[in-house]
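Everything on this sheet refers to the single structure shown next.
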Amino acid sequence: MKENVNKNRNTFNLVCYIKKARTLKNGEAPVYMRITINKQTADLSIQGSVNPNVWSQAKEQSRGKEKADYELNHYIKSVKGKLIQIHRELELSEKPINPQIIKEIYLGAKMDNEDSKSLIEV
């Protein structure tokens, strides 16, 4: 008989997109990352912006040829890598996982574990 190994497995997806409705004064649109786990979502501003005319939603990156476009694409990959790493660490430690927790950890909130205690608490 086959045992269901993935019964506790969470669906996990990251999508990078721009918010054209929040265009900045310089004409660029802010870049966001959407974290989705088991149909729950959390949006995260990655503190970058891009000209909407050079944004490729299909590739989730800038098509521009300027240095800033290359730097933004590298930064997007870096943010995705960090979010994936946080998700993996939560899975391995068997802690609760939802998009808000991953967002808070990424933004620097302390995890509720032994590592986050101050010297006085220890």
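Computed over heavy atoms, backbone and side chain alike; hydrogens, waters and symmetry mates excluded.
To the nearest 0.5 Å, the span separating CG on L72 from SG on C16 amounts to 7.5 Å. In this structure, OG on S62 lies 7.5 Å from CH2 on W55, to the nearest 0.5 angstrom. Rounding to the nearest 0.5 angstrom, the gap separating the CD atom in Q40 from the CD1 atom in I101 is 9.0 Å. Rounded to the nearest 0.5 angstrom, H87 NE2 and I37 CD1 are separated by 4.5 Å. Interatomic distance, CD1 of I76 versus CD1 of I46, reported as 4.5 Å (0.5 Å rounding). Taken from CD in E28 to OG1 in T23, the straight-line distance is 10.0 Å, to the nearest 0.5 Å.
The 12-atom threshold is not exceeded at NZ of K77, counting heavy atoms of other residues, nucleotides or ligands nearer than 6.0 Å. A 6.0 Å sphere centred on CZ of R88 holds no more than 12 heavy atoms belonging to other residues, nucleotides or ligands. Heavy atoms of other residues, nucleotides or ligands lying less than 6.0 angstrom from CD of Q100 number more than 12. The number of heavy-atom neighbours closer than 6.0 Å to CD of E94, taken from other residues, nucleotides and ligands shown, is 12 or below.
Residues T41 and I35 fail the side-chain proximity criterion, which asks for heavy atoms closer than 4.5 Å. Here the side chains of V15 and Q57 are in contact, with some heavy-atom distance below 4.5 Å. Between I102 and F12 there is a side-chain heavy-atom pair separated by less than 4.5 Å. Between T36 and T11 there is no side-chain heavy-atom pair separated by less than 4.5 Å. Using a 4.5 Å heavy-atom cutoff, the side chains of L44 and L107 are in contact. Here the side chains of K65 and Y70 are in contact, with some heavy-atom distance below 4.5 Å.
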(request) With side chain to side chain contact (heavy atoms under 4.5 Å, CB included) as the test, would you mind laying out the steps for E89 and I105 before giving the verdict? (result) CA-CA 11 Å; E89 288 173 2; I105 293 171; over 6 Å; no
(message) Evaluate I97 against E91 for side chain to side chain contact (heavy atoms under 4.5 Å, CB included), listing each step before the verdict.
(response) CA-CA 7 Å; I97 302 174; E91 267 189 333; 3.5 Å; yes
(message) Quick one, V31 with Q61, criterion side chain to side chain contact (heavy atoms under 4.5 Å, CB included). Give me CA distance, side-chain angles, the key distance, then yes/no.
(response) CA-CA 9 Å; V31 181; Q61 66 181 18; over 6 Å; no
(request) Given side chain to side chain contact (heavy atoms under 4.5 Å, CB included), test R34 with N13 step by step and report yes or no. (result) CA-CA 8 Å; R34 176 167 289 144; N13 193 28; over 6 Å; no
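Remark: side-chain polar atoms of Y75 are not paired, donor with acceptor, to backbone N or O of Q47 under 3.5 angstrom. Although no hydrogens or angles enter the test, the distance criterion places a donor-acceptor pair under 3.5 Å between the side chain of R63 and the main chain of N53. At least one donor-acceptor pair under 3.5 Å links the side chain of K103 to the backbone N or O of D43.
Shortest non-hydrogen contact noted between V79 and M33 is CG1-CE, 3.9 Å. Here the closest non-hydrogen pair linking G27 and P52 is O-CD, 3.4 Å.
The side-chain tip of K82 does not point at the ring of Y106 from less than 6.0 angstrom away and within 45° of straight on.
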